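The structure appears right after this line, and notes come after that.
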2 protein chains.
Amino acid sequence: MPKAQRMAQMLTVAEEIFAEQGYLATSMDEIAERVGVSKPMLYEYFGSKEGLLIGCIHRARTELREKTAAAIAGAGSPEEFLRRGLLAFFEFIDEHRRSWALLRQEAAVAVPSAQEEVEGIRQQQTDMIGAVLASFTPEMDPLEAEAFAEIVVGATERLAVWMERRPTVGPALATDYVMAVIWPGVSARLMKQPLPAQPA
Amino acid sequence: MPKAQRMAQMLTVAEEIFAEQGYLATSMDEIAERVGVSKPMLYEYFGSKEGLLIGCIHRARTELREKTAAAIAGAGSPEEFLRRGLLAFFEFIDEHRRSWALLRQEAAVAVPSAQEEVEGIRQQQTDMIGAVLASFTPEMDPLEAEAFAEIVVGATERLAVWMERRPTVGPALATDYVMAVIWPGVSARLMKQPLPAQPA
DNA sequence: TCGGTAGGTTACCCCGAGTAAGTTACGAGC
DNA sequence: GCTCGTAACTTACTCGGGGTAACCTACCGA
């Protein structure tokens, strides 16, 4: 089998087994066996167990970026931007429940460079949101814009995890919830209302 | 050395080394050596490497709960509740930068039961927030209240991670940022304004 | 002074990550 | 149609680290 095809197959199998059993509990022998190939082949193509994990994350990240980019193209207002981006994200998660668990939970702790790869996904998201804020309110404090983007990403990610436990909550409702909480605050700052200080 | 004292010492050392190098890269021999004791003692007291990690998380969780409880006692409005709770959380993180990284990043992926322990921390937080929402607006849809609590916790946690990379941002400013984004939206729902639906 | 136990050690097993060396399939060039 | 090169693959190993069995020893109370 040609290399590219074999690599794709390995990623698919690895993602599945990692998601099933967790990164630590999965052995390279097991993955190799289920792929129908011997262990050194995995090392030939991915270098290490960690490399294989990173490959899985990277592929998911690329897919998420493409879907999000397609979703937000042509949005006319910051609200529409955010709403479309959030919906795309929740839909992605919904389609990839198992590998999402892998990305968020398994990968995060196991290996420093996998951590970086996961951070890369968040970076994509915060960059996107930061860009929206900046384009609509260019004079906004960059530090604050960054903080807002982080808040939105954190809220979204957490709600995605929660959504897994709540089968009745789909992408559309999740999007509504997040927008309901964050939009009034974000919108107020885009209008340059001052940060509410601590009440006396 | 008496058991309780030895256990505390082991937790302190383990937390430090885990935070430094990551869970996977740390060996039990190394921890044992730095404690000044032999490996089987660690197993005697914590059962496994995973058990040791869970011990670390559990201790931090207890401390966080106590500090938060003390901070929010006597708050008079939901806004004050939230603000005080957030501040207590950010201050806790600020004092425990290294072990926080361990809790959030390392633990999450390594081991299923450590994952549960970390979820327990979040549960504490969401329960607290859910209780606030419920006490001020008892007729609020429970599912929605849960979603809001998750959103707040996610936003806060993410901003805590971001804060680590931004030395100029302290607990007070972080609290202001989170409140600025979430409070208008949460407040509106406490007043029973309807969920904003998708714009036409 | 002697037994029980809390606190501790040495020396080992074994699984699984990672590797060295070798094997087969196959297309390109003569 | 033979051979050379290389891509795809395997067998058989090393070694580090989690986990354990068995043994030790200092101290305290009867």
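Note that the structure is a prediction, hence the values are computed from the model and not measured. All chains are named by letter (A, B, ...) in the order of the sequence lines, taking the proteins before the strands, and each is independently numbered beginning at 1.
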Margin query: Heavy atoms only, 4.0 Å cut-off, all strands: where does B/Ser27 land among base, sugar-phosphate and nothing?
Written below: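 Sugar-phosphate contact only - B/Ser27 comes under 4.0 Å of backbone atoms but never of a base.
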
Check: Checking all strands, does A/Pro2 fall into the base, sugar-phosphate, or nothing category for heavy-atom contacts under 4.0 angstrom?
Finding: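 The residue A/Pro2 makes sugar-phosphate contact but no base contact.
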
Taking atom [atom2] of [N] as reference, at what distance in whole Å does atom [atom1] of [X] sit?
X: B/Leu53; N: D/dG17; atom1: CG; atom2: P; answer: 18 Å
X: B/Met41; N: D/dC24; atom1: CE; atom2: C1'; answer: 13 Å
X: A/Ile17; N: C/dG16; atom1: CD1; atom2: P; answer: 13 Å
X: A/Glu33; N: D/dT10; atom1: CD; atom2: P; answer: 12 Å
X: A/Glu44; N: C/dT23; atom1: CD; atom2: C1'; answer: 14 Å

I want to verify a distance call: between [options], whose nearest atom is closest to the [X] side chain?
X: A/Asp29; options: C/dG8, D/dG18, C/dG16; value: C/dG16
X: B/Pro40; options: D/dC9, D/dT20, D/dT11; value: D/dT20
X: A/Val37; options: D/dT10, C/dT9, D/dA8; value: D/dT10
X: B/Tyr43; options: C/dG18, D/dG18, C/dG7; value: D/dG18
X: B/Met28; options: D/dG18, C/dG8, C/dA17; value: D/dG18

Next item on the list: Work out which heavy atom in B/Leu52 is nearest to a heavy atom in B/Leu11; give both atom names and the distance.
Entry: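 Looks like O-CD2, 4.0 Å.
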
Note to self: For a quick test of reading the model, state the closest non-hydrogen atom pair linking A/Tyr23 to A/Phe18 and the distance between them.
What the structure shows: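 Closest approach of A/Tyr23 to A/Phe18, heavy atoms only: CD1-CE2, 3.6 Å.
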
Next item on the list: Specify the residue among B/Tyr45 and A/Lys39 whose closest nucleotide of DNA chain C lies further upstream toward the 5′ end.
Entry: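 It is B/Tyr45 whose nearest nucleotide is closer to the 5' end.
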
Check: Any side-chain N or O of A/Arg6 less than 4.0 Å from the OP1 or OP2 oxygen of D/dA7?
Finding: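 So the side chain of A/Arg6 is outside the cut-off, no N or O lying under 4.0 Å from OP1 or OP2 of D/dA7.
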
Check: If you measure only the distance, is there a donor-acceptor pair under 3.5 Å linking the side chains of B/Gln125 and B/Glu157?
Finding: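 Absent: no donor and acceptor within the cut-off.
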
Check: Do B/Thr156 and A/Arg158 have side-chain atoms, one donor and one acceptor, less than 3.5 Å apart?
Finding: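 Not at all, the side chains of B/Thr156 and A/Arg158 share no donor-acceptor pair under 3.5 Å.
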
